Protein chains: 2
Amino acid sequence: MAVTLKEVAERAGVSRSAVSRTFTDGASVSDKMRRKVEKAARELGYSPNALASSLTTGRTKLIGLVSNNFHNPIFLEVFDLFTRGLQDRGLRPLLVNLTDETDPEASVRMLRQYSVDGVVVASSTLPPGFAKAFRDAGVPVVHSFGRYSSAPQVHVVGIDNVECGRMAAQTLIARGYTHMAFMGGPEDATSTQDRFTGFMSEMTKHPDIQTTYSFAEAYSFDAGRKEMLRLIDASPAQAYFCGDDVLSIGALSAIEDSNLRVPEDIGIIGLNDMEMARWENIDLTTIHQPIRQIVTSSIELMVAMLNEPDRYPEARIFPCSVVERGTLRPAP
Amino acid sequence: MAVTLKEVAERAGVSRSAVSRTFTDGASVSDKMRRKVEKAARELGYSPNALASSLTTGRTKLIGLVSNNFHNPIFLEVFDLFTRGLQDRGLRPLLVNLTDETDPEASVRMLRQYSVDGVVVASSTLPPGFAKAFRDAGVPVVHSFGRYSSAPQVHVVGIDNVECGRMAAQTLIARGYTHMAFMGGPEDATSTQDRFTGFMSEMTKHPDIQTTYSFAEAYSFDAGRKEMLRLIDASPAQAYFCGDDVLSIGALSAIEDSNLRVPEDIGIIGLNDMEMARWENIDLTTIHQPIRQIVTSSIELMVAMLNEPDRYPEARIFPCSVVERGTLRPAP
DNA sequence: AAGCATTTTGCAACCGGTTGCAAAAATGAT
DNA sequence: ATCATTTTTGCAACCGGTTGCAAAATGCTT
């Protein structure tokens with residue numbers, strides 16, 4: 001079907017090596033030869049087979065992009081940034097959607113079968129062990145949005161979720177709330193656990209402030225709404241640190257429907273600062289997660305690892321900051 | 001680095017063909033042989049190189065998934081469905097993000113270099129010519145969410161946007177509005193053009209109803225909000241058919257901020273029925289686009305084409321339907 | 001136990017490229 | 001024009017698999 005190197009060589013009346021060399025940069029070819037080959041290639045509509053060459057070069061320029069977050073709008077931004085960033089460096093994202101049913105082992109195997117040069121795990125909910133499976137298989141891996149650790153086993157790029165929890169608590173404290181709560185995402189997500197830890201660690205410094213907590217079933221609108229409806233039905237706190245922005249928006253919807261006002265009756269602070277958070281009809285106060293930087297840095301790290309596979313694992317942590325909008329009452 | 005077929009063969013004390021055969025189903029291998037090989041493979045941690053085998057079989061099981069919609073939340077649902085659907089059939093999505101800057105030619109070339117078995121173009125804004133470029137390059141292609149044509153040049157799966165425009169117009173007419181408008185997405189998107197055509201064709205049957213139209217710059221919240229603010233500043237219509245749901249939500253935000261009520265002062269009907277449309281704080285009346293069916297059907301069509309490359313191009317069009325929620329006043 | 005049909009196995013060529021090495025060609029110095 | 005040096009080119013082996021074909025092994029019949 002497709003035109004091969006051999007055909008071009010025959011047409012140009014040169015050896016196959018010569019053709020190969022004109023298409024690999026850095027190889028030694030005379031101008032005359034190059035012109036001859038390029039002419040023949042053009043006439044035949046030849047373009048080299050990247051997969052065949054990967055056999056000898058050992059490089060496919062394929063990068064596995066693994067995620068299980070196909071329901072959180074922020075990940076559309078993440079995929080956008082990743083695909084563009086990788087493309088710009090001549091790398092190709094092979095997308096893997098890790099659902100609850102898919103066997104993690106199977107995806108490791110599959111990505112190895114396709115000889116990906118590296119793997120980016122983009123998820124804030126997967127345990128560190130998942131990314132480690134790739135490392136153990138000898139595949140360079142970066143865990144983006146992964147759990148921060150002072151002794152990382154694999155490269156991690158993300159934020160310090162414990163610190164974010166602390167920051168949220170401090171923000172609420174500064175607003176003078178006397179009863180506040182943590183409404184987390186799924187309890188088994190590492191990001192939920194860490195944010196919870198940080199939040200609580202700060203609150204223990206303020207025993208006078210009443211603190212409660214609960215967890216939603218998922219990082220989703222429905223889960224946030226459902227949980228907030230339940231909380232309102234009991235006796236709600238004055239302000240909530242919600243697991244993330246989608247959850248916050250679900251909570252806001254519940255509050256609105258219960259004829260309570262934001263921020264007067266209940267205050268909300270989210271986390272992520274996704275595009276939607278600044279939509280005027282949402283106007284969510286939230287903690288900004290610098291996803292652009294995280295993605296860029298992840299890609300840089302990946303590129304660095306391709307050249308230096310045994311690079312010592314490092315954690316790259318980016319600072320977050322509170323974005324003041326309309327869902328928290330002003331400081332007294 | 002990785003374990004190869006040859007090593008397994010040596011360890012098991014058999015020929016390379018034998019190893020190859022145990023890993024290709026349908027090949028003739030005795031049980032004894034299979035056990036021997038599998039044992040050796042297990043001990044060595046061998047898994048076959050999919051790319052190397054593609055060289056001889058001519059199949060990579062790689063499917064290019066090309067899109068330029070990385071800002072519309074509905075496409076996260078689309079990517080979710082596509083990746084899962086493809087995975088379930090043993091196919092791997094190679095994601096291509098087509099930005100304004102990327103040369104379409106280049107992506108065609110790139111996907112050919114990676115010998116993808118087929119390409120899915122998932123976009124409602126790309127011209128049919130783009131998908132055709134793949135067909136001309138001899139690559140099976142399906143254009144999902146593409147423009148409906150009675151004489152399609154490539155396989156198209158989607159909706160009849162003209163019909164949707166008509167349906168929107170009819171819905172507004174039935175509500176007894178006397179001044180209504182079309183607020184489209186970007187004017188050069190085929191979906192915008194078709195919805196406009198349909199909308200207008202219906203309105204010409206009702207010369208008594210005042211009809212106006214305008215276009216937003218993109219299918220985005222900001223564009224919708226901006227355009228609606230502009231319209232409100234002039235003299236707004238009683239009801240709008242907005243290009244899609246995100247645009248509608250932007251419009252809703254503008255209306256709210258202008259202290260006008262929905263649906264009393266201004267009615268809105270969107271298109272897509274994305275997840276967010278049913279969020280209680282949005283509650284958008286919209287035209288449901290059956291994306292699940294479109295994606296499923298696209299994948300089925302792709303699989304069919306892999307077995308029968310010269311399949312005659314067909315258009316698969318799925319019916320849409322109005323989903324009544326809270327942004328249009330009830331019929332009189 | 002021999003004869004035949006059937007299944008299993010290995011050989012070797014091939015898929016579409018790359019690359020080390022040595023021969024050939026071009027360049028430069030004298 | 002000669003020779004040493006550098007650059008360019010082709011040969012041939014290899015990357016990790018698959019597959020048609022013929023030989024070897026097995027199963028079945030009588």
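Letters A, B, ... mirror the listed sequences (proteins, then strands); counts begin at 1. Quantities reported herein were computed from a predicted structural model and do not represent experimental measurements.
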Spacing of B:M33 atom CE relative to C:dT7 atom P, expressed in whole Å: 17 Å
Rounded to the nearest Å, what distance is computed from the CD atom of residue B:E10 to the C1' atom of nucleotide C:dG10? 15 Å
Length of the CG-P vector between B:D25 and D:dT19, whole Å: 11 Å
Please determine whether the number of non-hydrogen atoms from other residues, nucleotides or ligands lying under 6.0 Å from atom CG of B:D103 exceeds 12. yes
Ion pair check, A:R34 and A:E38, cut-off under 4.0 Å: yes
I need the NZ-P distance between B:K6 and C:dC11, as an integer number of Å. 14 Å
Which part of the nucleic acid does B:S28 contact within heavy-atom distance under 4.0 Å: base, sugar-phosphate only, or nothing? base
As a test of understanding, state which of B:L306, B:V120, B:V142, B:V156 forms a side chain to side chain contact (heavy atoms under 4.5 Å, CB included) with B:L301. B:V142
Within the 4.0 Å heavy-atom criterion, would you say B:S53 contacts the bases, only the backbone, or no part of the nucleic acid? sugar-phosphate
Suppose we call a contact any N or O donor and acceptor under 3.5 Å apart; does that hold for the side chain of A:R21 and the base of C:dG20? yes
A:F23 CZ to C:dT19 P, in whole Å, measures 16 Å
Nearest-Å distance, CZ (B:R59) to C1' (D:dT18)? 15 Å
What's B:T4 touching, base or sugar-phosphate or nothing? Going by heavy atoms closer than 4.0 Å. sugar-phosphate
Whether B:T57 contacts D:dG17 is assessed here as follows: a side-chain N or O lying under 4.0 Å from the phosphate OP1 or OP2. Is that the case? no
Closer to the 5' end of DNA chain C via nearest nucleotide, is it B:L55 or B:D31? B:D31
Answer with yes or no after comparing the ring centroid distance for B:F145 and B:F75 against a 6.0 Å cut-off, counting only values under it. yes
Could you tell me the separation between the CD atom of A:E7 and the C1' atom of C:dG17, rounded to a whole number of Å? 13 Å
Nearest heavy atom decides the nucleotide; on that basis, is B:S17 or B:K32 closer to the 5' end of DNA chain D? B:S17
Got a donor-acceptor pair under 3.5 Å from the side chain of B:R16 to the base of D:dT18? yes
Report the nucleotide, chosen from D:dG10, C:dT9, D:dT18, that has the shortest atom-to-atom distance to any side-chain atom of B:S30. C:dT9
For C:dG16 and B:Y114 - does any side-chain N or O of the residue sit under 4.0 Å from the phosphate oxygens OP1/OP2? no
Side chains of A:L111 and A:F134 in contact at under 4.5 Å (non-hydrogen atoms): yes
What does A:V29 touch in the nucleic acid at a heavy-atom separation under 4.0 angstrom: a base, only the sugar-phosphate, or nothing? sugar-phosphate
Assign B:S54 to base, sugar-phosphate, or nothing according to its heavy-atom contacts below 4.0 angstrom with the strands shown. nothing
Taking only the side-chain nitrogens and oxygens of B:S15, find out if one of them lies under 4.0 Å from OP1 or OP2 of C:dC11. no
Rounded to whole Å, CG of A:L44 lies from C1' of C:dG16 at a distance of 15 Å
State, with a plain yes or no, whether a side-chain heavy atom of B:R316 is found less than 4.5 Å away from one of B:S297. yes
From the list D:dC14, D:dT9, C:dC14, which nucleotide is the closest neighbour of the side chain of A:T56? D:dC14
